[in-house]
Each structure stands twice: as structure tokens, then as C-alpha cells.
Amino acid sequence: MTSTERIILNTGAQYTRTIINVCLALYSTRLILAALGQNDLGIYYLVAGVVSMLSFITNALSTATQRFLSFNLGKKEDNTLYRIFGNSMLLHIFIGLGVMLILFILTYPIIYKALNIPTERLNAAAVVYVLSVIMLFVSIMIAPIRALYIARENIVFISIVDIIDGVLKLGFAFILLHSHSDRLILYSVFMLGIQVLNFIVLVLYANRKFPEYHFPHYQELDKSYLIEFSSFTGWTVYSQGCIIARNQGIAVALNHFLGTVVNAAYGIAMQVSGAMAFISSSIVNAMNPQIMKSEGAGDRNRMIRIAEYESKYSFMLLAIVAIPIIAEMDTILHLWLEDVPPYTSAFCKLILLAGLCDQLTIGLTAANQAVGQIRNYTLIFYSFKLLTLIGVCLCLYTKIDASYVLWCYVIIEFLDSLLRLPLLKRQAGINIAHFCKKVFLPTIIPIAGVCLVGFLSVH
């Protein structure tokens, strides 16, 4: 199978998974909101969100692992893959255990002191917190395994696992709706169980399919690789940390100024955004390995060309779905959720618009990772995102209506997306005018058409 055919196959698998899981997730959220109520759902998003602030470690380690595996596949150095995967697994184990221990120690001050949770739900929130910490540990263990699947471009199997994940969540949502137990705790147990099942399935298949997969021994540690890997991972951790700090920081700020009900609206908006992001990730996950492999093979021109394709098609794929949803957001929310929390519609629209802004140049992030010179890019690009949190806090402090607060998010995302262009011109030698010609110009007419249809449908 050629690289182009594999990209098409993997994109199709991811896109199919996305459509199915978006539908499943939207209906599951309706059932979960009905089962938990606005306050308990807000508590879950708040407590689990605090733990998920550290999920950037998972994303960073997975990104670094996938980059080194794909890069060496491009160099045709298959003999190093076994060593890379073994060292990556060891790092994930050590870091996962360390993070879990620290979070367990911080249970009391976080739940009972830091967060604004109703007194009668404090104990339930503490149980949710502990289960969320365990779920974070499992996700850290899954990260290098998923990275291996992506590096080997075996995305079809991952898509199948993700679809099963969505089906199970829907099934558990029905069970939750008819349960007489503490539904908030039961929901957390279900989420942990699904995560553990995903881990088992991915391990069993990887053990049969990939020669690099193995459970590592301590003697495999390679200092030279660990130094290189840790440097790359450290900056990736910083980038993911900035995103999580911004997203969860907004949740904490909304909770502090406006309470858990508004925080539930923000949580629903972020869930909608995450569902839509899966659409663009169908292109990103399929093309990123080819970007890394091209740079590993020394073909810089092909690497930049694929990054341009990724930016264009990822943006268009998301826009075709997101723009009609933005236009019909109020109707969709009332069909989807029987009891829509205040500000949910405004939050959803603005979060989706910010996501579209980010996708305009998304392929350049993969190009930067392929080149490997990520320090300056990370410091400038991701630090800029933190300005969103400052803007949101100022708006809330000055009592600006909550429906307008997230415009700070949209503006910063748009400016940050454009910032990628000069950064990659310096690092990889991209031609900005050529990038605009190949990416921005071809999207104007189709996106204008989608916007026109969306406008006419609501007037």
C-alpha cells in the first residue's frame, strides 16, 4: 500500500469513527445530564477537569514517542524502534506512578479547600477525584501504545476501539439513568472501567502485531536516548500544560465568579468542541506520521507539502461540519438536551469558532515537531495562549455578560494560528506567500458557501 493510499484509508477510518462517536457522545451527554442534573454534572466536569489538567503529560509523552518512532521509521532504522519503545514505556510507568502518588496526597486540600463544591456533595466529589486519578494513570500507560499504533499507521484498529468505547459509554448512560445508587460516583466507575478495557484490548493486539511492543526491563534504560527524549518531552509537556491551564483555568474562573451551573455550560461546550476536534484529527492522525517520516528521510520539501495539505483539509473538514452547527446551535441544543444550562449556546458557538481558527495552520505544528527544534516555537506559541485566561478573568471581574467572555478565546486563537507562519519560516524555511496561496485561498469559496447556507437556514 502506498503512503497516499494509507493516508486515505486511515483518514476514512478516523472520519467514520468520528461521525459515529460524535452521534453517540451527543446522545450520551443528553442522558448523562438527565441522570446527574446540572449541579452534579458541573461537579464532575470540575473535579475530573482538575485531574485532567495533568493529562497534558499523557499527550506530551505520546506525541514525543510517536515522533521518535515515526522519525526513525523514515530513516529506516528499525533496529532502534525496540529500544525507543522500551524506554518510552519505562518513562510512562515512572511518571504515571509519581503523578498518581502526588495527586492522592493532594486529595483533601483540592476537594475540601480549593474547589467551590456544595457541602453535601464533598464526599462524593472526593470519590470521583480518586477514580479520576486512577483513570489518569491508566491513560498514561495507554499513551505509548497508541503512539506505536499511529507511528505504524495502524489507525483502523484504533478507530474500531474508539467506536466500541463510544458504544459502551452510551450503554452505561442508559444504565445510569435507571440507577438508584449515587449516580455521580457510578458514572466515574463506568468511565474508569471503559478506560481499563481500552488498555487491555490495545495491549493484547499490539503484542501480536508489532515486533517493537514488549514490557520493558529496567536494564533497558538508555541515558543518551532519555536525554534527547526528555528534552523533546519537556517542551511538549509545557505546550500541553499551557492548553490545559487555559481550558481548566477558564472553568475554575467561571466556577468562582458564576457557580457550577455556568461551569456545566462551559463543560458541555468543551465536550462539543472535543467531538468536533475528532473530525479534524482524522486528517491530523493520518498525515502526521508521513510528515515525521519525510523529515526523517531528509525530504524537507515533501514534509512541508504534507503540512500544507494537513492544514487545508483539516480546516475544511471541520468547517463543513462546525459552521452549520454554529448556525443551528440553539435548535440543536434544545433537541439534544432537555434542560440546557444558561450560556451553553454562546459558549459552544465561540469554542467552535476558536477551534476553526486553530485549524487554519495546524499542519505547521507537526512540521515543527518533525524538525525537532521545538523550544522557541513552544515558548512563543503556547505561552501566547495563556493570555486567554487573563482576558477571561478581567472580563468576569468587570462583570461583562458571560456570553461575551469567550470572545477572548477566539481572538487569541486566531492570532496564535497566524503566529505559526513566521515561526516555521525561521525554523523550516516555509514560504509564507506560498502557504497562503495553497491553504488560505482554496478555502475561501467553499467556506463562504457553507456560511451562506448557514445564514439562509436561520433567516
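Here the side chain of S28 pairs no donor or acceptor atom with the backbone of A173 at under 3.5 angstrom. A side-chain donor-acceptor contact under 3.5 Å links T398 to the backbone of L394. The main-chain N or O of F104 is found under 3.5 Å from a side-chain atom of T107 such that the two form a donor-acceptor pair. A side-chain donor-acceptor contact under 3.5 Å links N368 to the backbone of Q373. Between the side chain of S345 and the main chain of M329, no donor-acceptor pair closer than 3.5 Å is present. Checking side-chain atoms of R67 against main-chain N and O of A370 turns up a donor-acceptor pair under 3.5 Å. No side-chain donor-acceptor contact under 3.5 Å links S314 to the backbone of S311. Judged by distance alone, the side chain of S139 and the main-chain N or O of L136 form a donor-acceptor pair under 3.5 Å. Looking at Q66, its side chain never comes within 3.5 Å of a backbone N or O of I150 through a donor-acceptor pair.
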> Could you go step by step and tell me if Q248 and L389 meet the side chain to side chain contact (heavy atoms under 4.5 Å, CB included) rule?
Replying inline: CA-CA 9 Å; Q248 191 59 27; L389 184 55; over 6 Å; no

> What do the steps show when you test S383 against Y238 for side chain to side chain donor-acceptor pair (under 3.5 Å), and what is the final call?
Replying inline: CA-CA 9 Å; S383 298; Y238 179 80; 2.6 Å; yes

> Taking it one step at a time, do V189 and F172 satisfy side chain to side chain contact (heavy atoms under 4.5 Å, CB included)?
Replying inline: CA-CA 10 Å; V189 172; F172 284 139; over 6 Å; no

> After noting the C-alpha distance and the side-chain angles of L24 and V167, does the key distance pass the side chain to side chain contact (heavy atoms under 4.5 Å, CB included) rule?
Replying inline: CA-CA 7 Å; L24 293 173; V167 172; 3.8 Å; yes

>> Run the side chain to side chain contact (heavy atoms under 4.5 Å, CB included) test on L356 and I323 for me, step by step, so that the C-alpha distance in whole Å, both residues' side-chain angles and the decisive distance to 0.1 Å come before the verdict.
In response: CA-CA 9 Å; L356 284 172; I323 292 174; 4.1 Å; yes

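Atom CG in L379 sits 10.5 Å away from atom OG in S239 (nearest 0.5 Å). Taking CG of L197 as the start and CG of L202 as the end, the distance is 9.5 Å to the nearest 0.5 Å. We find the CG-CD1 distance between L350 and I411 to be 10.0 Å, quoted to the nearest 0.5 Å. Taking CZ from F68 and CD1 from I84, the interatomic distance works out to 7.5 Å, rounded to the nearest 0.5 Å. Interatomic distance, F384 CZ to E413 CD, rounded to the nearest 0.5 Å: 10.0 Å. The distance from atom CG of L90 to atom CD1 of I95, rounded to the nearest 0.5 Å, is 11.0 Å.
Taking both residues in full, the closest heavy atoms of F381 and S417 are given as CE1-N, 4.3 Å, listed atom of the first, atom of the second, then distance. Of all heavy-atom pairs between C242 and L386, the closest is O-CD2, 3.5 Å. S273 and I351 make their closest contact through CB-CG2, 3.0 Å (heavy atoms, listed as atom of the first residue, atom of the second, distance). Taking every heavy atom of both residues into account, V439 and E308 meet most closely at CG2-O, 3.5 Å. The two residues P216 and G86 make their nearest non-hydrogen contact at CB-O, 3.4 Å. Heavy atoms only, all atoms of each residue included: H92 and A143 are closest at NE2-CB, 3.6 Å.
Side-chain contact check for N123 and Y112: at least one donor-acceptor pair (N or O, by modelled atom type) lies under 3.5 Å.
A heavy-atom distance below 4.5 Å is not found between the side chains of Q359 and M316. Side-chain contact between L352 and L318 is absent, with no heavy atoms from C-beta onward closer than 4.5 Å. Residues N247 and K385 are not in side-chain contact: their nearest non-hydrogen atoms beyond the backbone lie 4.5 Å or more apart. With a 4.5 Å cut-off on side-chain heavy atoms, N154 and I158 do not count as touching. Between L97 and F137 the shortest side-chain heavy-atom distance falls below 4.5 Å. Annotation: side chain of I145 is in contact with side chain of Y213 (closest heavy-atom distance under 4.5 Å). For the pair L36 and I43, the minimum side-chain heavy-atom distance is 4.5 Å or more. At least one side-chain heavy atom of L364 sits less than 4.5 Å from a side-chain heavy atom of L421.
Between Y205 and Y149, the ring planes are parallel. Angles under 30° get that label, and only those over 60° would be called perpendicular. Aromatic ring orientation, Y266 versus F347: perpendicular (interplanar angle above 60°, classes split at 30° and 60°). Relative orientation of the Y382 and Y377 rings is perpendicular, given thresholds of 30° and 60° on the angle between their planes.
Salt-bridge check for D162 with R146: passed, with a basic side-chain N closer than 4.0 Å to an acidic carboxylate O.
The number of heavy atoms from other shown groups lying within 6.0 Å of OH (Y309) does not exceed 12. Taking a 6.0 Å sphere around CZ of F414, one finds it holds 12 or fewer heavy atoms contributed by other residues, nucleotides or ligands.
For F440 and F435, the distance between ring centers is under 6.0 angstrom.
None of N376, I430, I380 except one satisfies the side-chain contact (heavy atoms from CB on, under 4.5 Å) rule with L423; the exception is I380.
Geometrically, R183 does not engage Y44 in a cation-pi contact, judged by NZ or CZ lying under 6.0 Å from the ring centre and within 45° of the ring axis.
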